[in-house]
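Counting starts at 1 for both ligands and their atoms, following the listed order. We're numbering straight along the sequence, starting at 1.
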Amino acid sequence: MRLATVEATPNIAVVKYWGKRDEELMLPNNGSLSFTMDETLKTRTTLAFSPEFKEDEAWINGEKLDEKALKKVIKALDAVREAAGTSEKAKLVSINGFPTAAGMASSASGMAALACAANEVLGLGLDSKGLSILARRGSGSACRSVLGGFVEWRRGEKEDGSDSYAIQVTDENHWPEIRNVIAVVDHGEKKVSSRAGMKQTIETSPLYSARQQYLPKVIEDVKAAVLAKDFNKFGELVMRESNDLHSVMLDTWPPILYLNDVSKEIIYAVHEYNENAGKIVAAYTFDAGPNAHVYTTEDQVKGIKEMLSKIKGIQKTVVCKVGAGPKKLSDGHLIAEDGSVKKHHYDAEKNGIVVE
Ligand code: DP6
């Protein structure tokens with residue numbers, strides 16, 4: 001048996017991926033931009049391969065995956081096996097190093113960790129481009145989490161997806177003051193998964209094609225604002241982009257509404273906060289759920305937390321910095337040498353992953 005353990009972190013997009021041009025290869029209709037988060041929201045994954053394993057098995061946050069949930073993992077493992085030219089079955093054990101109640105999507109960090117761990121165990125020798133393509137096969141947005149800092153996922157043109165991968169625009173030290181104040185509004189299951197939702201949008205939203213027309217310019221403008229560290233410009237572009245995304249979601253038939261009343265209150269409160277500041281110092285962005293990601297700078301975090309504390313329905317806030325990307329661990333494996341799953345849990349008090 002061979003194994004490797006990697007920790008990866010989620011990324012939160014400021015120009016969003018929504019819609020695939022190839023569902024099998026997970027090729028996007030548009031490019032996207034994100035910041036990779038720091039270890040506040042890390043996911044640790046141990047991946048093992050052995051000719052003795054009879055079938056693929058996976059455990060996430062201590063629970064063995066059932067057939068339906070396992071399917072997504074097997075699809076990602078098949079892409080790994082294809083890259084490695086092996087048919088060996090795998091064992092995957094993954095745990096989030098943050099309270100599950102934080103309601104954060106962990107598929108990006110999970111699939112990025114899987115791709116990086118596979119690269120290590122199977123000696124694939126992939127560079128960041130190869131890793132990004134492999135992670136993309138597990139979940140589109142995961143291709144951005146193989147890199148730290150400010151990241152662009154290039155749409156690409158080729159049908160085989162060989163030019164659709166993420167590149168680092170700037171590393172985590174370029175704009176160290178950037179923070180993401182996450183307002184956890186709800187941690188329930190999504191009513192419509194992003195995978196199903198984006199498909200529905202492409203098929204039924206008349207506004208979606210307009211979005212595709214202007215996104216390339218938005219991407220260039222956001223990149224320029226980040227390079228210039230111009231928060232006022234950056235913030236407006238990010239909020240408009242989030243609003244645009246949620247407009248095409250509402251324009252989908254039947255409509256998809258991920259924002260709830262608390263999200264809407266946060267939107268109004270952020271605009272009021274900016275008005276009082278006389279410029280844009282905080283910018284919300286929402287993914288396929290009601291949790292708000294309020295991008296801001298370090299000096300504003302206190303004020304923003306105070307502003308959010310007045311809104312009923314926010315369960316907690318989590319503050320993230322921009323992170324450096326995945327990290328290989330030499331100990332702390334979640335699988336023992338005999339192939340059994342080690343006892344492990346997330347310890348809220350120690351704020352860490354404990355492996356017995
Ligand atoms: C709204 O990457 O989760 O967060 O590729 O089907 O796995 P699949 O979807 P996923 O979609 C993320 C959508 C988003 C926007 C973004 O992160 O860019």
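Looking at ligand 1, you'll find an N or O of G140 within less than 3.5 Å of one of its N or O atoms. The shortest N or O to N or O distance between N11 and ligand 1 is not below 3.5 Å.
The shortest heavy-atom distance from K72 to ligand 1 is not under 4.0 Å. The shell of residues lying under 4.0 angstrom from ligand 1, judged by heavy atoms, excludes R136.
Comment: K89 does not engage E55 in a salt bridge, judged by the lack of any side-chain N to carboxylate O separation of less than 4.0 angstrom. Salt-bridge annotation for E88 and R2: present, with a side-chain N of the basic residue lying under 4.0 Å from a carboxylate O of the acidic one. Salt-bridge check for E241 with R211: passed, with a basic side-chain N closer than 4.0 Å to an acidic carboxylate O. With respect to R154 and D163, no salt bridge is recorded, no charged nitrogen being found less than 4.0 Å from a carboxylate O.
Residue Y295 forms a ring pair (Phe, Tyr, Trp, His ring centres under 6.0 Å) with just one option from F35, W175, Y284, F150, and that option is F35.
Here S141 has heavy atoms under 4.0 Å from ligand 1 in both its backbone and its side chain.
Within 6.0 Å of the NZ atom in K71, the count of heavy atoms belonging to other residues, nucleotides or ligands does not exceed 12.
Contact atoms of ligand 1 toward R195: 6 (O), 7 (O), 8 (P) (distance under 4.0 Å to a heavy atom of the residue). Close approach of ligand 1 to K20 is summarised as follows: ligand atoms under 4.0 Å from at least one heavy atom of the residue are 5 (O), 6 (O), 8 (P). Atom numbering of ligand 1 starts at 1 in the shown order; those under 4.0 Å from a heavy atom of A13 are 16 (C), 17 (O), 18 (O). Numbered from 1 in the order shown, with element, the atoms of ligand 1 that lie under 4.0 Å from a heavy atom of M198 read 9 (O), 11 (O).
Of the candidates S193, A108, A196, S194, S194 brings a heavy atom nearest to atom 3 (O) of ligand 1. With E23, R144, K16 as candidates, the residue nearest to atom 17 (O) of ligand 1 on a non-hydrogen basis is R144.
A ring-centre distance under 6.0 Å is found for Y17 and W153.
Hydrophobic cluster membership of L47, counting Ile, Leu, Val, Met, Phe, Trp and Tyr whose side-chain heavy atoms lie under 4.5 Å apart directly or via other members: F49, I60, L65, L70, V73, I74, L77, V80, L92, M111, L114, V121, L122, L124, L126, L131, L134, V146, L147, V151.
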